[in-house]
Every structure is written in structure tokens, then in C-alpha cells.
Amino acid sequence: MKNASIGYYDDQLAKADEIRVHVLSQIDQACRDNWLKIYYQPLIDIQNMKLAECEALSHWIDPRYGFLSPGKFIPALEANREVYKVDCHALEGYGQDAEFLREKEKEIFPISFNISRTDLEACDIYQKIEDTVARYGLSRDQVHIEITESALNDSSQAMVEAVQHFHDLGLPGLDG
């Protein structure tokens with residue numbers, strides 16, 4: 001017991017656990033009722049100082065707990081293999097935003113969004129991307145894929161095949 005430590009369950013841990021349980025039980029409603037909000041973080045090309053693309057970041061605005069940063073809900077959803085719901089919601093939201101911009105005759109910026117290993121396992125993310133591109137009239141170069149660190153920790157053949165599949169679909173963003 002040389003490196004043993006003692007942990008105490010306090011009010012802060014109790015609150016974190018309460019939020020985790022809430023997130024897991026409410027993820028479907030959060031997507032359906034738009035508690036998940038997409039924020040676009042601009043990525044600027046420093047060569048010409050113009051917008052190159054935006055990264056889609058999700059935040060949860062909960063009617064009970066207020067603003068939840070990704071650090072409060074992503075780990076619980078990853079552990080429960082439901083983070084794909086956030087990623088699919090972000091992709092769908094981008095499609096809707098692109099449609100709105102097109103109607104206003106504004107430029108549609110490319111988006112990068114995260115794909116985790118569980119996206120590949122829990123849903124047909126390839127088909128979801130294909131459907132979204134078709135439904136909203138997006139070009140493939142507007143949808144950039146970022147593989148999350150947790151997915152990269154898996155050096156399996158499945159990950160290699162997934163990257164190849166994204167390349168075969170003509171989606172940019174995987175060249176690292």
C-alpha cells in the first residue's frame with residue numbers, strides 16, 4: 001500500500017456525478033430540443049488573414065444546470081459510447097446553418113468537426129455525413145474531419161480503414 005491514497009466524496013464530486021447522470025439520461029432530449037449549441041471557432045489562414053474554416057464546438061445549455069462546457073458532458077458520453085450523438089448533432093446543425101447562409105446569399109465557410117472512435121462503432125457516421133452533404137447541398141470540401149485523440153490512441157486496423165474510408169469519400173482534414 002505504498003502508493004495508496006485516500007479520496008473523499010464531497011459536495012463537488014456529488015454535483016459532478018449528478019450532472020453526469022443527468023447528461024446520460026437527457027442526451028436525446030438535449031439534441032432534440034437544441035440544448036446543445038454549436039459555437040464556431042474561426043481558424044484564420046495567417047498567409048492572407050482570411051477565414052479558412054471554423055471548428056464546430058458544442059456546448060450544452062441545460063434548463064436545469066445552465067451552461068455545461070464540453071468537459072462536463074463529453075467524458076460521460078464517451079464512456080457511455082454516446083458521444084456520436086453530439087457529433088451528429090453538430091454536423092446536422094452545420095447543415096442547417098449553411099442552408100441559412102445560402103438563403104441570405106452569404107459565404108458558406110468550411111467546418112471541421114470531431115469524429116471519435118465511438119462514432120465509427122455506434123453509428124454509420126459515413127452515411128450520416130453523406131446524407132447531410134446531400135440534404136444541404138454541401139460540397140465535400142466544406143466538411144473537414146478531425147479524429148479525436150481518444151480515437152488515435154487505437155492503432156487498430158479499424159482506425160486505418162476508417163481514415164481510408166473518409167479519404168475515399170473525398171473528405172478533407174485527415175492529412176494531419
Side-chain angles (χ1 to χ4, degrees), residues 23-45 50-63 67-70 72-74 76-78 80-152 154 158-176:
V23 162
L24 293 174
S25 68
Q26 298 300 309
I27 182 59
D28 293 327
Q29 184 174 3
C31 291
R32 185 178 56 250
D33 293 347
N34 255 353
W35 298 351
L36 284 172
K37 303 291 183 190
I38 303 165
Y39 292 83
Y40 296 107
Q41 179 174 308
L43 300 172
I44 306 297
D45 181 341
K50 292 191 179 194
L51 178 67
E53 67 181 68
C54 289
E55 181 177 4
L57 303 172
S58 296
H59 296 279
W60 185 312
I61 312 298
D62 192 88
F67 179 85
L68 299 176
S69 68
K72 299 252 183 183
F73 63 90
I74 296 292
L77 293 171
E78 281 182 336
N80 210 49
R81 302 175 50 82
E82 292 190 87
V83 74
Y84 74 93
K85 294 176 180 181
V86 174
D87 299 335
C88 290
H89 183 268
L91 180 62
E92 181 69 22
Y94 170 67
Q96 293 170 359
D97 291 342
E99 185 173 68
F100 174 81
L101 290 170
R102 187 179 301 107
E103 289 171 2
K104 299 292 183 191
E105 298 181 3
K106 302 286 184 185
E107 181 181 356
I108 299 172
F109 49 86
I111 184 179
S112 65
F113 78 103
N114 290 327
I115 296 290
S116 73
R117 182 177 57 235
T118 58
D119 290 340
L120 302 169
E121 298 167 351
C123 72
D124 186 350
I125 194 64
Y126 311 110
Q127 191 62 53
K128 176 65 176 168
I129 293 168
E130 288 288 295
D131 292 347
T132 303
V133 165
R135 184 172 41 258
Y136 294 106
L138 301 170
S139 65
R140 295 183 188 286
D141 64 345
Q142 291 174 306
V143 180
H144 299 187
I145 306 299
E146 289 187 12
I147 305 285
T148 61
E149 293 84 4
S150 62
L152 292 176
D154 180 8
M159 186 53 57
V160 171
E161 290 170 6
V163 170
Q164 185 60 51
H165 196 139
F166 286 121
H167 276 296
D168 293 346
L169 290 174
L171 298 168
L174 292 171
D175 295 325

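Keep in mind the model is a prediction, meaning the values are calculated, not measured. Values reported hereafter were calculated over all heavy atoms of this structure, with side chains retained and with hydrogens, waters and symmetry mates removed.
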Review point. Is a side-chain N or O of Gln142 found less than 3.5 angstrom from the main chain of Ser139, in a donor-acceptor match?
Key: yes
Point to revise | Which residues share a side chain to side chain contact (heavy atoms under 4.5 Å, CB included) with Asp45, sequence neighbours left out | key: Gln47, Asn48, Ala52
Review point. Rounded to the nearest 0.5 Å, how far apart are CG of Leu68 and CZ of Phe73?
Key: 7.5 Å
Point to revise | Parallel, tilted or perpendicular, as decided by the 30° and 60° cut-offs, for the rings of Tyr40 and Phe109 | key: perpendicular
Check your understanding: Which heavy-atom pair separates Cys54 from Pro42 by the least distance, and what is that distance?
Key -> SG-CA, 3.9 Å
Point to revise | Heavy-atom closest contact (Ala98 atom, Leu138 atom, distance) | key: CB-CD2, 3.6 Å
Check your understanding: CG of Asp97 to NZ of Lys106: how many Å apart, nearest 0.5 Å?
Key -> 14.5 Å
Review point. Would you call Leu77 and Tyr84 a side-chain contact if the rule is heavy atoms closer than 4.5 Å?
Key: no
Revision key, fill the gap. Sequence neighbours excluded, the answer for side chain to side chain donor-acceptor pair (under 3.5 Å) partners of Asp62 is His22, Trp60
Exercise for review: With sequence neighbours left out, write down each residue that passes side chain to side chain donor-acceptor pair (under 3.5 Å) with Lys85, or none if nothing qualifies.
Suggested key: Asp28, Glu82
Check your understanding: Taking side chain as C-beta onward, heavy atoms only, is Val86 less than 4.5 Å from Ile27?
Key -> yes
Point to revise | Contacts of type salt bridge (Lys or Arg N to Asp or Glu O under 4.0 Å), residue Arg81, not counting sequence neighbours | key: Glu121
Study note, to complete from the structure: Taken in chain and number order and not counting sequence neighbours, the residues that satisfy side chain to side chain contact (heavy atoms under 4.5 Å, CB included) with Ser25 are none
Study note, to complete from the structure: Sorted by chain and number, sequence neighbours left out, side chain to side chain contact (heavy atoms under 4.5 Å, CB included) with Leu91 holds for Phe113, Lys128, Ile129, Thr132, Val143
Point to revise | Asp87 side, atom CG; Ile125 side, atom CD1 - distance, nearest 0.5 Å | key: 6.5 Å
Check your understanding: Considering all heavy atoms of both residues, which atom of Ala56 and which atom of Ile38 are nearest to each other, and what is their separation?
Key -> CB-CG2, 4.0 Å
Check your understanding: Would you call Glu99-Arg135 a salt bridge at under 4.0 Å N-O?
Key -> no
Check your understanding: For Gln127, which residues count as a side chain to side chain donor-acceptor pair (under 3.5 Å) partner, sequence neighbours excluded?
Key -> Asp131
Exercise for review: Drop me the distance from Ile111's CD1 to Glu146's CD, to the nearest 0.5 angstrom.
Suggested key: 10.0 Å
Review point. Tyr39: what forms a side chain to side chain contact (heavy atoms under 4.5 Å, CB included) with it, not counting sequence neighbours?
Key: Lys37, His59, Ile61
Revision key, fill the gap. Applying side chain to side chain donor-acceptor pair (under 3.5 Å) to Glu130 and not counting sequence neighbours gives Arg140
Review point. So how far is it from Gln29 CD to Leu36 CG, rounded to the nearest 0.5 Å?
Key: 11.0 Å
Review point. Does the side chain of Pro110 come within less than 4.5 Å of Leu51's, by heavy atoms?
Key: no
Review point. If you count the non-hydrogen atoms of other residues, nucleotides and ligands that lie under 6.0 Å from CD in Glu107, is the total more than 12?
Key: no
Revision key, fill the gap. Sequence neighbours excluded, the answer for ring-ring contact (aromatic ring centres under 6.0 Å, His included) partners of Tyr136 is none
Review point. Considering all heavy atoms of both residues, which atom of Leu24 and which atom of Ala76 are nearest to each other, and what is their separation?
Key: CD2-O, 3.5 Å
Exercise for review: Would you please name every residue forming a salt bridge (Lys or Arg N to Asp or Glu O under 4.0 Å) with Asp33, sequence neighbours left out?
Suggested key: none
Practice item. Taking the side chain as every heavy atom from C-beta outward, state whether Pro70 and Leu57 have any atom pair closer than 4.5 Å. Key: no
Check your understanding: Mind checking what makes salt bridge (Lys or Arg N to Asp or Glu O under 4.0 Å) contact with Arg102, not counting sequence neighbours?
Key -> none
